[in-house]
Amino acid sequence: MEDALRRELGTAVLRPTGHLGGGCISQGQSYDTDRGRVYVKSNSKAEARRMFEGEMASLEAILKTQTIKVPKPIKVIDLPGGSTLFVMEHLEMRGLNRHSAKLGTQLADLHLHNQQLGEKLKKEESTVNDWQNDWVTFFAKQRIQPQMDMIEKNSGDREARELWAQLQLKIPSLFCDVEIVPALLHGDLWGGNVAEDDSGPIIFDPASFYGHSEYELAIAGMFGGFSSSFYSAYHSKIPKAAGFEKRLKLYQLFHYMNHWNHFGTGYRGSSLNIMRNLIK
């Protein structure tokens with residue numbers, strides 16, 4: 001692996017630093033090279049290249065906004081034997097602590113960036129309402145429905161199917177009078193994907209797409225790691241719109257169902273409870 005990496009990066013020096021990392025999907029390690037320290041993620045699954053290319057595009061999109069620090073992506077590399085590597089800038093990171101409020105401010109800036117770009121280019125008539133309708137349909141059909149299809153396939157859960165049938169009818173009412181301007185989202189912003197260095201907050205491991213800014217806060221609220229100063233700073237720039245709490249639960253439903261499909265029935269109860277509460 002190291003020979004191929006040295007060749008692809010065009011470096012004479014490739015020395016492991018002893019910094020190891022990784023999560024439930026990929027493994028990671030840092031190396032010193034001729035051009036500084038890099039962090040290399042590796043994955044041997046068939047869809048690894050597609051996944052890493054998506055992460056690279058996400059990091060590039062966030063970088064372009066110049067709102068919040070992310071590791072600079074360098075290269076996706078296929079190794080002989082089927083593994084894929086993703087090389088990025090190594091950042092010295094520690095747990096998010098004193099820069100929580102700054103993260104809230106910068107995340108709001110990221111979410112507002114696309115709107116400000118649109119206003120700068122020119123005021124577009126009526127696109128906001130078109131987007132609102134599209135987003136609601138997109139979220140129901142492209143986010144929740146595939147999760148429900150997987151649950152059906154794996155367990156044929158009748159109660160989940162019946163609750164989802166009722167909830168689908170209710171979803172449009174959760175978006176009455178809400179203006180949705182597409183925002184560039186990190187896409188997987190839980191406590192394990194945020195950190196800081198001396199200069200401020202860092203976000204990493206994105207799965208970016210354009211969507212409703214409120215969606216970003218759903219997984220953030222599920223597993224902790226974000227202080228009240230983060231939320232205060234964020235909402236001082238993007239205030240909560242009417243119906244925020246219910247929509248947050250709807251967005252969390254996607255994550256609970258996704259976890260149910262990936263990690264088992266421990267997440268079934270939370271998924272069903274959200275649906276029951278939303279159809280009341």
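These values consider heavy atoms only, across backbone and side chains, with no hydrogens, waters or symmetry-generated copies. If you're wondering where the values come from, they're calculated on a predicted model, not measured in any experiment.
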Please test L85 against V76 for side chain to side chain contact (heavy atoms under 4.5 Å, CB included), starting from the C-alpha separation and ending with a verdict. CA-CA 6 Å; L85 307 178; V76 176; over 6 Å; no

Would you kindly confirm whether V40 and V13 end up in one hydrophobic cluster when ILVMFWY residues are joined by side chain heavy atoms under 4.5 Å apart? no

Which distance, rounded to the nearest 0.5 Å, do you find between the CG of L59 and the CD1 of I203? 8.5 Å

Once rounded to the nearest 0.5 Å, what's the spacing between atom CG of L248 and atom CG of L253? 11.5 Å

Taking S100 for its side chain and L96 for its backbone only, find out whether a donor-acceptor pair lies under 3.5 Å. no

Strictly below 4.0 Å, N to O, side chains only: are R276 and E159 in salt-bridge contact? yes

May I ask you to test the L79-T84 pair for a side-chain heavy-atom distance under 4.5 Å? no

To check you understand the geometry: which heavy-atom pair defines the closest contact between H99 and G200, and what is its length? CD2-CA, 3.5 Å

Check against salt bridge (charged side-chain N to carboxylate O under 4.0 Å, His left out), E60 and K64: CA-CA 6 Å; E60 285 168 346; K64 269 186 202 154; over 6 Å; no

Donor-acceptor pair between D197 and S199 side chains, under 3.5 angstrom: yes

Please step through salt bridge (charged side-chain N to carboxylate O under 4.0 Å, His left out) for the pair E92 and R37, ending with a clear verdict. CA-CA 10 Å; E92 289 291 337; R37 192 167 281 189; 3.5 Å; yes

Got a salt bridge between R49 and E53, using NZ or NE/NH1/NH2 to carboxylate O under 4.0 Å? yes

Thinking salt bridges, do K41 and E55 make one under a 4.0 Å N-O criterion? yes

Hey, are the side chains of L103 and Q106 touching, using non-hydrogen atoms and a 4.5 Å cut-off? no

Using the ring centroid of each side chain, check whether H90 and Y31 are separated by less than 6.0 Å. no

Does any donor atom in the side chain of N43 or S26 lie under 3.5 Å from an acceptor atom in the other side chain? yes

Heavy-atom distance under 4.5 Å between the side chains of I202 and K69, does that happen here? yes

Given the side-chain rings of H111 and Y210, with only the six-membered ring counted for Trp, is the space between their centroids under 6.0 Å? no

Donor-acceptor under 3.5 Å (T11 side chain, D34 main chain): yes

So does P201 get a backbone contact from the side chain of E196, meaning a donor-acceptor N/O pair under 3.5 Å? no

Between F223 and H259 (judged by ring centroids, cut-off 6.0 Å), do the two rings come close enough to count as a pair? yes

Assigning hydrophobic clusters by single linkage (Ile, Leu, Val, Met, Phe, Trp, Tyr; side-chain heavy-atom cutoff under 4.5 Å), is L174 placed with I274? yes

Take H235 and L217 through the side chain to side chain contact (heavy atoms under 4.5 Å, CB included) test and state the conclusion after the steps. CA-CA 11 Å; H235 288 304; L217 300 179; 3.7 Å; yes

Out of curiosity, I180 CD1 to W135 CH2, how far, rounded to the nearest 0.5 Å? 7.5 Å

S236 vs Y231 side-chain heavy atoms within contact, under 4.5 Å: no

Short side-chain to backbone donor-acceptor contact, H186 and S208, under 3.5 Å: no

Is the shortest side-chain N to carboxylate O distance from R94 to D198 below 4.0 Å? yes

Give the C-alpha distance, both sets of side-chain angles, the deciding distance and a yes or no for side chain to side chain contact (heavy atoms under 4.5 Å, CB included) between V87 and L5. CA-CA 9 Å; V87 186; L5 189 54; 3.8 Å; yes

How are the rings of Y215 and F254 set relative to one another: parallel (under 30°), tilted (30 to 60°) or perpendicular (over 60°)? tilted

Quick one: ring-ring contact (aromatic ring centres under 6.0 Å, His included) partners of F226, sequence neighbours excluded? F230

Answer yes if F52 and I74 sit in the same cluster of Ile, Leu, Val, Met, Phe, Trp and Tyr residues linked by side chain heavy atoms under 4.5 Å apart, and no otherwise. no

Test item: I144 and I171 side chains (from C-beta on) under 4.5 Å apart, heavy atoms: no

Short question: side chain of N193, backbone of D188 - any donor-acceptor pair under 3.5 Å? yes

When rounded to the nearest 0.5 angstrom, what is the spacing between CE in M275 and CG in L250? 10.5 Å

Enumerate the residue pairs fulfilling salt bridge (charged side-chain N to carboxylate O under 4.0 Å, His left out) with a member in residues 207-219, sequence neighbours excluded, ordered by first and then second residue. E214-R247

Indicate yes or no: at least one non-hydrogen side-chain atom of D109 is less than 4.5 angstrom from one of Y234. no

Derivation and outcome, side chain to side chain contact (heavy atoms under 4.5 Å, CB included), residues I68 and I62: CA-CA 7 Å; I68 190 164; I62 296 169; 3.6 Å; yes

Determine whether the aromatic ring centres of Y267 and H262 lie less than 6.0 Å apart. no

Under 3.5 Å donor-acceptor, Q252 side chain and A218 backbone: yes

Lys/Arg-Asp/Glu bridge criterion (N-O < 4.0 Å) met for K240, E245: yes

More than 12 heavy atoms of other residues, nucleotides or ligands under 6.0 Å from NZ of K102: yes or no? yes

Cluster overlap V136 with L278, hydrophobic side-chain contacts below 4.5 Å: yes

Taking all heavy atoms of F204 and all of G192, pick out the closest pair and write down the distance. CZ-O, 3.3 Å

Determine, using the 4.5 Å side-chain heavy-atom cutoff (strictly less than), whether L14 and M88 are members of one ILVMFWY cluster. no

Short side-chain to backbone donor-acceptor contact, T265 and R268, under 3.5 Å: no

Using side-chain heavy atoms (C-beta onward) and a distance below 4.5 Å, is W190 in contact with H255? no

Would one find more than 12 heavy atoms of other residues, nucleotides or ligands at under 6.0 Å from atom NZ of K170? yes

Could you tell me which non-hydrogen atom of A160 sits nearest to which non-hydrogen atom of M148, and how far apart they are? O-CE, 3.5 Å

Shortest non-hydrogen contact from K141 toward P146: O-CD, 3.3 Å

Treating N114 as the side-chain partner and P182 as the backbone partner, does any N or O pair qualify as donor plus acceptor under 3.5 Å? yes

Could you list all the side chain to side chain donor-acceptor pair (under 3.5 Å) pairs where at least one residue sits in residues 143-152, not counting sequence neighbours? Q145-D149, Q145-W164, Q147-N258, Q147-N261, E152-R161

Enter the distance from S213:OG to Q115:CD here, rounded to the nearest 0.5 Å. 9.0 Å

Given side chains that start at C-beta, do those of P73 and L63 come closer than 4.5 Å, heavy atoms only? yes

When Y251 is tested against each of Y256, F139, F244 for ring-ring contact (aromatic ring centres under 6.0 Å, His included), which residue passes? F139

Rounded at 0.5 Å granularity, tell me how far NZ in K75 sits from CG in L9. 6.5 Å

